[in-house]
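Shown next, in C-alpha cells, is the structure this report addresses.
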Amino acid sequence: MKLQNLITALLVCAAPLAQAMTVDAKALARFDRSYVVCEAKFPAMKGLRDEAYLSLWRVKPDQKAKAELATARKTTSYRSERALLQKNSADAAAPAASSPIEQQCQALAAETQGNKKARR
C-alpha cells in the first residue's frame, strides 16, 4: 500500500511539470526547418506547425504556449540557427522515400491529423 501511495504522490507532483515548457530556440529552428519539408510532402499539415511542435511535448496548444514559441522565434539564437540551416539546406538533396526525415514526416503527419480530429 505504501508503494501505491508513493507512486500516486509522484504522479501528482509530476503533473504540473508536464505542462511546464522551456523552449530551446535552436531545437525549435531545426524543427521548423524539418516541418517545412514535411508540409511540402503532406499539404494537410500546412498551418499546424505550432500545434505539431506542442503535441510533441504534450503541451496544450493554447495562446500562452503559442506566445512562448513566437517569443523564441524572435531570439538571436533562433535566427542564427535558422540562417545556418538555410545555408546548409541549399547543399542538401531532397530526402529519399525511406529516409529518416521521410519517416518522421509520416509520423508527424499522422500525429497532426489525430490532434486535428480530436479538437473537433
> Under 6.0 Å from the NZ atom of Lys66, do we count more than 12 heavy atoms belonging to anything else shown?
Replying inline: yes
> Does some side-chain heavy atom of Phe31 sit less than 4.5 Å from a side-chain heavy atom of Leu56?
Replying inline: yes
>> For Arg73, is there any backbone N or O sitting under 3.5 Å from a side-chain donor or acceptor partner on Arg79?
In response: no
> Where is the tightest heavy-atom contact between Ala25 and Ala72, given as atom of each residue plus distance?
Replying inline: CB-O, 4.0 Å
>> Between Glu39 and Leu48, does the side-chain contact (heavy atoms from CB on, under 4.5 Å) criterion hold? Intermediate values first, please.
In response: CA-CA 9 Å; Glu39 273 183 329; Leu48 300 173; over 6 Å; no
> If you round to the nearest 0.5 Å, how far is CD of Glu68 from CG of Asp50?
Replying inline: 11.5 Å
> Between CD of Gln104 and SG of Cys38, what distance do you get to the nearest 0.5 Å?
Replying inline: 7.5 Å
>> Let's go through Val23 and Thr71 carefully: what are the C-alpha distance in whole Å and the side-chain angles of both, what is the deciding distance for side-chain contact (heavy atoms from CB on, under 4.5 Å) to 0.1 Å, and is it a yes or a no?
In response: CA-CA 9 Å; Val23 179; Thr71 300; over 6 Å; no
> Are the side chain of Tyr35 and the backbone of Met45 linked by a donor-acceptor contact shorter than 3.5 Å?
Replying inline: yes
>> Check this for me: does any side-chain nitrogen of one of Arg49 and Asp32 sit under 4.0 Å from a carboxylate oxygen of the other?
In response: yes
>> Return the OG to CG distance between Ser55 and Leu108, rounded to the nearest 0.5 Å.
In response: 6.5 Å
> Hey, is Arg33 close enough to Glu81 for a salt bridge, meaning N to O under 4.0 Å?
Replying inline: no
> Any donor and acceptor pair, going by atom type alone, linking the side chain of Thr75 with main-chain N or O of Tyr78 inside 3.5 Å?
Replying inline: yes
> What do the steps show when you test Leu84 against Asn88 for side-chain contact (heavy atoms from CB on, under 4.5 Å), and what is the final call?
Replying inline: CA-CA 6 Å; Leu84 180 64; Asn88 292 341; 3.9 Å; yes
> Hey, mind stepping through Arg30 and Leu85 against side-chain contact (heavy atoms from CB on, under 4.5 Å) and telling me if it holds?
Replying inline: CA-CA 7 Å; Arg30 290 188 296 270; Leu85 291 168; 3.8 Å; yes
>> Testing the basics here: between Pro61 and Leu54, what is the closest heavy-atom pair and its distance to 0.1 Å?
In response: CA-CD1, 3.5 Å
